[in-house]
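Heads up, the thing below is written out as structure tokens.
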2 protein chains.
Amino acid sequence: MSAVEKAFHGLRHMIATGRLGPGERIPPESDLCEELGVSRGPLREAVRMLSALGVVEPRHGSGTYVSQLRPEDVIRSLLLTFELLPLPGLLEIYEIRRVLEAHVAAKAAARRSAEEVETLFSLIEEMEATDDPTKASELDHRFHAEIARIGGNPTLASLLSVFRARSRQYQVFTLPEGPEMRQKSDADHRLMATGIADRDPGAAAGAAEAHVAQTERWLRAFMPPVEEEGVPGTAAG
Amino acid sequence: MSAVEKAFHGLRHMIATGRLGPGERIPPESDLCEELGVSRGPLREAVRMLSALGVVEPRHGSGTYVSQLRPEDVIRSLLLTFELLPLPGLLEIYEIRRVLEAHVAAKAAARRSAEEVETLFSLIEEMEATDDPTKASELDHRFHAEIARIGGNPTLASLLSVFRARSRQYQVFTLPEGPEMRQKSDADHRLMATGIADRDPGAAAGAAEAHVAQTERWLRAFMPPVEEEGVPGTAAG
DNA sequence: TCCCCAAAGTCGTCTGATGACTTTTGCATT
DNA sequence: AATGCAAAAGTCATCAGACGACTTTGGGGA
């Protein structure tokens with residue numbers, strides 16, 4: 001086993017066995033090097049790996065801390081890498097999104113409060129009022145995130161958030177057909193919000209699934225290649 | 001921006017823009033250090049981060065290669081960290097599993113071939129025939145993985161595989177109540193396989209959802225703490 | 001033609017030193 | 001006594017150089 005693996009599994013073991021708990025500071029590098037029998041280089045690489053996976057968080061000058069180890073923290077670590085996936089795989093992700101967005105919409109319909117319905121409709125109105133595709137995309141994200149939050153499962157909300165971020169890269173709303181798409185999209189949103197407001201899980205789920213399926217069809221039809229990451233488009237926010 | 005971040009985002013950018021494609025070998029460390037303006041330490045840490053996330057794969061003596069960038073590769077990177085999550089989060093994951101296992105079972109029912117049905121039932125018979133909880137757990141895993149494979153969405157299969165691996169750590173079959181549970185579990189499996197054999201998506205989905213829900217109830221009831229990772233139990237395989 | 005080995009290329013590890021940042025400590029001032 | 005500030009300690013971040021381990025390549029000999 002290489003030194004990096006030794007350090008990685010050693011640290012993971014300390015966390016798995018509870019010797020290092022969530023939020024706790026791990027021993028300084030020099031101590032860990034001695035205990036794990038590796039030098040600082042490999043140890044730091046192992047810590048970086050755990051950091052990339054959302055398990056620990058180094059703070060310059062202070063120490064390295066174990067994260068809260070919530071599933072949503074770990075899932076969020078997929079964000080930066082999902083953006084690298086080529087298009088074919090994205091379509092597989094859409095199938096999962098369809099199922100899960102429908103599920104959270106149904107759960108949201110069963111759990112929503114009056115204030116939450118209020119929030120959803122005000123987001124829709126903002127969306128319909130703006131002409132800026134960037135702002136529209138950002139509001140779209142917040143609308144779906146709010147429904148996922150109401151659904152009551154933070155892990156699921158985090159997972160869907162990662163999936164949506166990958167989709168948003170393609171910025172379909174900035175295409176020539178954008179306005180038309182947005183009109184259809186707005187109508188879908190109203191259907192979803194209405195289903196939730198009516199406490200009708202079936203209606204909400206159906207509307208959500210149809211909405212995702214529609215987005216998928218658009219993407220399939222145009223398949224615009226993403227030429228740049230971080231390009232100032234609808235990916236903002 | 002720190003040197004590690006500079007290197008990490010620099011590399012990610014090279015992949016995102018297509019300068020480095022799937023399967024391709026990235027430039028040697030010394031070249032990258034010069035281009036990115038960092039020394040070897042931080043560069044190696046950045047490469048390790050991408051490696052932990054399933055984006056690149058270093059090969060000693062040969063070079064570092066970009067992975068195939070399939071979603072299932074990236075999702076698999078969650079395997080080692082999901083095992084660290086405390087129990088409360090696990091229950092949120094069960095809700096997702098319930099929805100997705102039902103979905104793949106339905107899709108499997110629609111897509112299955114005669115040979116695949118054969119495989120499922122032979123796995124069930126092996127499962128029913130063995131007394132070894134470890135072997136039973138391994139066969140259980142293969143049974144569910146096979147259904148997910150038949151479902152036709154590798155990304156979804158990979159995601160479910162990660163979720164199941166986390167659950168298997170608890171080894172409910174080794175409890176005193178184990179044999180009883182296994183009997184119920186076997187019956188569930190037959191229901192699922194029958195639904196798939198009959199090309200009845202509704203039946204298959206219902207059986208799958210009930211099966212997952214049952215497992216979740218067992219876990220909720222006993223909540224045995226996991227004291228060791230890699231303990232020789234049902235986690236084998 | 002085939003086999004073997006030497007050399008080059010590349011990643012892996014160690015060591016030592018220095019810089020940057022945070023937290024703590026202790027002292028001087030109010 | 002309370003407060004504020006500066007020094008010091010602790011910790012992570014980075015650089016540089018050297019050597020080891022492994023893989024691949026290519027040439028030389030059988």
Side-chain angles (χ1 to χ4, degrees), chain A residues 1-15 19-69 73 77 80-81, chain B residues 1-15 19-69 73 77 80-81:
Chain A
M1 181 155 56
S2 76
V4 174
E5 288 173 46
K6 215 168 21 165
F8 180 79
H9 289 296
L11 283 168
R12 204 167 67 92
H13 188 259
M14 289 183 197
I15 298 172
R19 181 171 150 201
L20 298 175
E24 200 173 328
R25 189 175 76 173
I26 75 178
E29 291 178 351
S30 55
D31 292 11
L32 286 174
C33 288
E34 191 174 348
E35 174 171 355
L36 298 170
V38 301
S39 70
R40 293 215 339 280
L43 176 74
R44 284 182 58 79
E45 290 179 28
V47 169
R48 285 291 181 190
M49 290 173 73
L50 289 170
S51 154
L53 293 168
V55 174
V56 304
E57 179 195 345
R59 297 181 207 161
H60 190 173
S62 169
T64 300
Y65 298 79
V66 179
S67 83
Q68 289 306 313
L69 294 180
D73 299 329
S77 72
L80 291 178
T81 59
Chain B
M1 181 155 53
S2 75
V4 174
E5 288 173 46
K6 216 172 13 169
F8 181 79
H9 289 296
L11 283 168
R12 204 167 67 94
H13 189 259
M14 290 183 197
I15 298 173
R19 182 171 148 199
L20 297 174
E24 200 172 330
R25 190 175 76 174
I26 74 178
E29 290 178 351
S30 56
D31 292 12
L32 286 174
C33 287
E34 192 175 347
E35 173 171 355
L36 298 170
V38 302
S39 69
R40 273 190 72 202
L43 175 75
R44 284 182 57 80
E45 291 178 28
V47 169
R48 285 291 181 190
M49 291 172 73
L50 289 170
S51 154
L53 294 168
V55 173
V56 304
E57 179 195 345
R59 296 181 208 162
H60 190 175
S62 169
T64 300
Y65 298 78
V66 179
S67 84
Q68 289 306 313
L69 293 180
D73 300 328
S77 73
L80 292 178
T81 59

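The figures that follow rest on heavy atoms only: side chains count, while hydrogens, waters and symmetry mates do not. Numbers restart at 1 for each chain; the letters A, B, ... are given by sequence-line order, proteins then strands.
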Is any side-chain heavy atom of A:I26 closer than 4.5 Å to a side-chain heavy atom of A:I15?
-> no
Residues 56-67 of chain A side chain polar contacts: donor-acceptor under 3.5 Å, at least two apart:
| from | atom 1 | to | atom 2 | distance (Å) |
| --- | --- | --- | --- | --- |
| A:S62 | OG | A:Y65 | OH | 2.7 |
| A:S67 | OG | A:G54 | O | 3.0 |
| A:S67 | OG | A:V55 | O | 3.4 |
| A:S67 | OG | A:L69 | N | 3.0 |

Under 3.5 Å: donor-acceptor pair, side chain of B:R48, backbone of A:R48 | no
In whole angstroms, how far is the C1' atom of C:dT13 from the CZ atom of A:F8?
-> 19 Å
Would you call B:M14 and B:E35 a side-chain contact if the rule is heavy atoms closer than 4.5 Å?
-> yes
Taken to the nearest whole Å, CG/B:D31 to C1'/C:dG9 is 11 Å
What string of B, S and - do you get for nucleotides 12-23 of chain D, 5' to 3', if B is base contact, S is sugar-phosphate-only contact and - is no contact with any protein heavy atom under 4.0 Å?
-> BBBB--B-BBBB
Who pairs with A:R25 by side-chain hydrogen bond (donor to acceptor under 3.5 Å, both in side chains), at least two apart in sequence or on another chain?
-> none
